[in-house]
Engineer: 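Okay, handing you the structure first.
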There are 2 protein chains.
Amino acid sequence: MANRVNTKHEAWARIIKALAHPSRLFIIEELQKGERCAGDLTEMIGADASTVSKHLSVLKNAGLVADEKRANSIYYTLRCPCILDFIGCVEEVLSANAKEHANILKCCKK
Amino acid sequence: MANRVNTKHEAWARIIKALAHPSRLFIIEELQKGERCAGDLTEMIGADASTVSKHLSVLKNAGLVADEKRANSIYYTLRCPCILDFIGCVEEVLSANAKEHANILKCCKK
DNA sequence: TGGCTACTTGGCTATTTAGCCAAATATGTC
DNA sequence: GACATATTTGGCTAAATAGCCAAGTAGCCA
């Protein structure tokens, strides 16, 4: 009886891992507004271009974004807009955490 | 002009990182069905008890699960059921990836 | 108290990841 | 072709993470 953790969970984890970084979440959020090229994102993030490029390739390998070369820039777009819903859920967790934290403080004050 | 990646994105990333592991996703999926104690999960996962315990504490620190001690077992429950929706979105990405992959194969065959 | 079961913590190693710099590649212009 | 711009790739180091084993803690029962 063991190892009910399987390929499905590994596939999920691969996608989720690709999302698990502040800069990459910023990119996702920005792409929600429309396509952006690597240079735009690099400037907004304020890190080395190579670093941002690697973040973009992580997102691309996970299938979260698509890229298209036009002129001498590469434009990135979101492939599955549903990712925002997911962020909504994360916000829900965060606000639940904040509420609980506030309760603990209130309780200690008494 | 830089560093529009901020605390919000870091907070998101912390939660998402907690989800980004096959065993932890298995735990989330299992808890969806109802509470489970650490021992049950350990047996199902088939890893060392200390390993599973650490996964549970990662989930707990992120505020994703809650624990309750009863008798000499510790029972874990999901704190925000919306996490499942999020997994729905991950599945959507995976099926989009599969479809694209199939198209590439089809195209090469011609 | 002593011993049992259930779980967590500490300590260690191996692996993965993030970030920078420097170098390579690709496109567009003169 | 030479050169500029935009982006990626390779190489390296520092930091984070996963996993095991061994030791510690906590509740229960005799």
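Below, each value reflects all heavy atoms present in this structure, side chains not excepted, and no hydrogens, waters or symmetry copies. Computed from a predicted structure; not experimentally measured. The chains referred to below are lettered A, B, ... by the order of the sequence lines, with proteins before strands, and numbering in each begins at 1.
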Engineer: Would you state whether a donor and an acceptor, one from the side chain of A:Ser50 and one from the base of C:dC21, lie under 3.5 Å apart?
Structural biologist: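 Result: at least one qualifying N/O pair found.
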
Engineer: So what does A:Arg70 hit on the nucleic acid, given a heavy-atom distance under 4.0 Å: a base, only sugar-phosphate, or nothing?
Structural biologist: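 Result for A:Arg70 = nothing.
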
Engineer: Please report the distance, rounded to the nearest Å, between CD in A:Glu68 and P in D:dA6.
Structural biologist: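 For the pair A:Glu68 CD and D:dA6 P, the rounded distance is 18 Å.
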
Engineer: Supply the atom-to-atom distance B:Asp40 CG to B:Met44 CE, rounded to the nearest 0.5 angstrom.
Structural biologist: 5.0 Å

Engineer: Counting the atoms with a prime plus P, OP1 and OP2 as sugar-phosphate, which does A:Lys17 contact under 4.0 Å by heavy atoms, base, sugar-phosphate, or nothing?
Structural biologist: sugar-phosphate

Engineer: Pick the closest DNA chain C nucleotide for B:Asp67 and for A:Thr51 by heavy atoms, then say which residue is nearer the 5' end.
Structural biologist: B:Asp67

Engineer: Which nucleotide wins on minimum distance to the side chain of B:Ala47, given the candidates D:dC20, C:dT5, C:dT8?
Structural biologist: D:dC20

Engineer: Write down the distance between CG (A:Asp48) and C1' (C:dC20), rounded to a whole number of angstrom.
Structural biologist: 6 Å

Engineer: Keeping the roles fixed (side chain from A:Arg36, backbone from A:Leu41), state whether a donor-acceptor pair exists under 3.5 Å.
Structural biologist: no

Engineer: Base, sugar-phosphate or nothing for A:Tyr76? Non-hydrogen atoms, less than 4.0 Å.
Structural biologist: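 Here A:Tyr76 touches the backbone only, sparing every base.
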
Engineer: Looking at B:Ser73, I'd like to know whether one of its side-chain N or O atoms comes within less than 4.0 Å of OP1 or OP2 on C:dC7.
Structural biologist: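 Result: yes.
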
Engineer: Return the value, rounded to whole Å, for the distance between atom NZ of B:Lys54 and atom P of D:dG24.
Structural biologist: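 Nearest whole value for this atom pair: 15 Å.
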
Engineer: Distance from B:Ile28 atom CD1 to A:Trp12 atom CH2, nearest 0.5 Å?
Structural biologist: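 Interatomic distance, B:Ile28 CD1 to A:Trp12 CH2, rounded to 0.5 Å: 10.0 Å.
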
Engineer: Please give, in whole Å, the distance from D:dT17 C1' to B:Asn61 CG?
Structural biologist: 14 Å

Engineer: Measure the distance from NZ on B:Lys69 to P on D:dC28 and round it to the nearest whole Å.
Structural biologist: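 Value for this atom pair: 9 Å.
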
Engineer: Any salt bridge between A:Glu29 and B:Arg4, counting N to O under 4.0 Å?
Structural biologist: no

Engineer: Give the ring-plane orientation class for B:His21 versus B:His55, where under 30° counts as parallel, over 60° as perpendicular and anything between as tilted.
Structural biologist: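 Tilted: the ring planes of B:His21 and B:His55 meet at 30° to 60°.
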
Engineer: Report yes if a side-chain nitrogen or oxygen of B:His55 is closer than 4.0 Å to either non-bridging phosphate oxygen (OP1 or OP2) of D:dT17; otherwise report no.
Structural biologist: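 Checking B:His55 against D:dT17: no side-chain N or O falls below 4.0 Å of OP1 or OP2.
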
Engineer: In whole Å, what is the span from the OH atom of A:Tyr75 to the C1' atom of D:dA6?
Structural biologist: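 The distance from OH of A:Tyr75 to C1' of D:dA6 comes to 10 Å, rounded to the nearest Å.
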
Engineer: What contact category does A:Ala49 fall into here, base, sugar-phosphate, or nothing, at under 4.0 angstrom with non-hydrogen atoms?
Structural biologist: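 Counting heavy atoms under 4.0 Å across all strands, the contact made by A:Ala49 includes a base.
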
Engineer: Quick one: A:Ile27 CD1 to C:dA18 C1', roughly how many Å, whole number?
Structural biologist: 13 Å

Engineer: What is the distance, rounded to the nearest whole Å, between atom CD1 of B:Ile45 and atom P of D:dG19?
Structural biologist: 9 Å

